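This one's a predicted model, so the numbers in the text were calculated from it and none came from an experiment.
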Amino acid sequence: MKKSLKALSALCLSATVFAGCSSSSTEEKIPQIGVAQIVSHTSLNTIRDAFVAQMEELGYKDGETVNYDFADAAGQPSNLNAIMSQFADEDSDVIVAIATPTAQSAANYADQIPVVFSAVSDPVGAGLVKSLDKPDGNITGTSDEVQIDQIVALAKQIDPDLKTLGFLYNAGEANSVSNLNKAKEYCQANGIELIEGTGKDMTELQSSASVLAEKVDAMFSPNDNTVASGMAALSKIALDAGIPYYVGADSMVQDGGFATVGINYEELGHETANMVDEILKGKKAGDIPVKVFKDGLNIYVNKAYMDQLDIALPDSIKNDDNLIMVGE
Ligand code: TRP
């Protein structure tokens with residue numbers, strides 16, 4: 001009796017194994033997506049969450065019809081290669097690479113896995129694609145081109161006497177170097193002296209900021225990932241020196257900076273998902289043009305910062321339909 005039961009259950013077991021085998025061979029493999037970001041800061045987290053939300057809209061349910069591996073390099077570019085190689089080991093169908101350093105590392109795997117980069121300020125300058133319209137090379141994505149001209153013009157509107165601008169950034173980020181070059185050009189054409197301050201981590205950035213803040217009429221940081229991770233401390237340095245601190249993204253205003261002119265990053269996260277969907281449905285990444293987000297810009301102003309330094313907004317800005325007062 002005992003024996004036959006055992007035999008029966010063994011039979012059942014092998015039957016289930018067989019059943020499992022045959023059904024999995026007819027079922028399609030659930031897409032595996034590796035999502036990496038260089039660091040956790042407000043904007044990159046917003047992009048990641050908006051990406052997942054839009055994937056859900058498109059019918060991809062986490063754990064049911066799609067599997068994700070989320071990775072964060074904790075601000076260390078040296079961690080990125082291990083992350084990408086893990087995505088390759090997991091047989092990922094697409095890599096989503098959020099921010100420039102992440103995308104540069106993912107690009108090394110594009111010969112094996114399609115790459116969709118997200119929020120890369122200057123995809124050509126970062127060496128990711130030769131052309132935005134025809135990326136080729138199994139890689140495409142979204143770009144958050146920074147509107148340097150409009151931001152510096154805003155600074156000049158708020159303070160018509162603006163003569164010196166301190167530009168604070170991490171020279172190790174290709175996105176910030178591109179933006180520095182744009183800022184230099186604009187400042188030169190508009191009679192503003194640009195003074196650079198750099199740092200590869202928060203300790204260095206804070207000491208650069210302290211030196212800069214004493215020398216300039218206003219400070220500016222583009223959407224630099226290292227700066228964005230330490231906005232509270234850096235804004236305090238500018239505030240204590242009594243100068244406005246302009247920044248390259250709405251999140252950097254939310255996190256303590258004074259003002260910017262910028263895009264909606266949720267839309268950019270959604271578009272990243274649309275591109276992944278197209279690729280999962282068979283389109284070649286290199287055939288999808290890079291989408292640059294530069295329309296529908298808002299002016300973001302930090303109310304507490306403005307009040308603390310008694311900064312007055314001119315009527316032209318106060319009456320602008322696109323003005324968003326942060327913290328009001
Ligand atoms: N554009 C940045 C890059 O190319 C990434 C980024 C997106 C970012 N949003 C930001 C950086 C906000 C700082 C703040 O890497």
Side-chain angles (χ1 to χ4, degrees), residues 41-43 146-170 176 179-180 182-184 186-187 190-199 202-263 297-328:
H41 64 63
T42 308
S43 190
V146 181
Q147 305 308 314
I148 300 280
D149 298 12
Q150 296 190 46
I151 301 169
V152 182
L154 175 79
K156 188 89 181 161
Q157 246 181 302
I158 292 175
D159 175 12
D161 294 331
L162 180 81
K163 295 265 171 339
T164 49
L165 184 68
F167 190 101
L168 183 70
Y169 71 112
N170 175 357
S176 297
N179 285 317
L180 169 69
K182 282 206 264 176
K184 274 184 182 163
Y186 185 85
C187 286
N190 288 277
I192 299 168
E193 185 191 354
L194 183 147
I195 304 176
E196 285 179 48
T198 62
M202 267 315 284
T203 315
E204 288 187 13
L205 281 171
Q206 286 190 51
S207 57
S208 280
S210 306
V211 176
L212 257 191
E214 295 307 323
K215 292 200 281 204
V216 295
D217 298 327
M219 256 172 37
F220 175 73
S221 287
N223 54 13
D224 180 295
N225 295 289
T226 318
V227 170
S229 313
M231 278 310 295
L234 297 173
S235 315
K236 186 166 185 307
I237 294 171
L239 260 177
D240 288 349
I243 57 170
Y245 185 15
Y246 294 90
V247 289
D250 56 347
S251 66
M252 298 168 84
V253 175
Q254 283 157 24
D255 292 343
F258 171 52
T260 192
V261 181
I263 62 160
L297 301 174
N298 288 309
I299 303 171
Y300 298 87
V301 174
N302 182 332
K303 176 82 167 58
Y305 200 119
M306 187 178 92
D307 290 348
Q308 199 168 326
L309 292 192
D310 244 336
I311 299 171
L313 296 182
D315 286 343
S316 57
I317 296 174
K318 262 197 229 155
N319 300 329
D320 195 314
D321 285 344
N322 300 317
L323 174 66
I324 296 179
M325 293 301 299
V326 175
E328 193 165 53

Salt bridge (Lys or Arg N to Asp or Glu O under 4.0 Å) pairs, two or more places apart, involving residues 147-159: none

Pairs where residues 203-227 contributes a residue and the test salt bridge (Lys or Arg N to Asp or Glu O under 4.0 Å) is met, not counting sequence neighbours: K200-E204

S316 and Q157: side chain donor to acceptor below 3.5 Å: yes

Student check: side-chain heavy atoms of V326 and V301 closer than 4.5 Å: no

Beyond-backbone contact of E196 with K184, side-chain heavy atoms, under 4.5 angstrom: yes

Donor-acceptor under 3.5 Å (N298 side chain, Y300 main chain): no

Candidate pair L165 and C187, rule side chain to side chain contact (heavy atoms under 4.5 Å, CB included), full reasoning: CA-CA 8 Å; L165 184 68; C187 286; 4.0 Å; yes

Beyond-backbone contact of L313 with I158, side-chain heavy atoms, under 4.5 angstrom: yes

Side-chain heavy-atom pair Q308, L239 within 4.5 angstrom cut-off: yes

Proximity of Y245 and F258 rings by center, below 6.0 Å: no

Flag, side chain of S208 to backbone of T198, donor-acceptor distance under 3.5 Å: yes

Close side-chain approach of D240 and K236, heavy atoms under 4.5 Å: yes

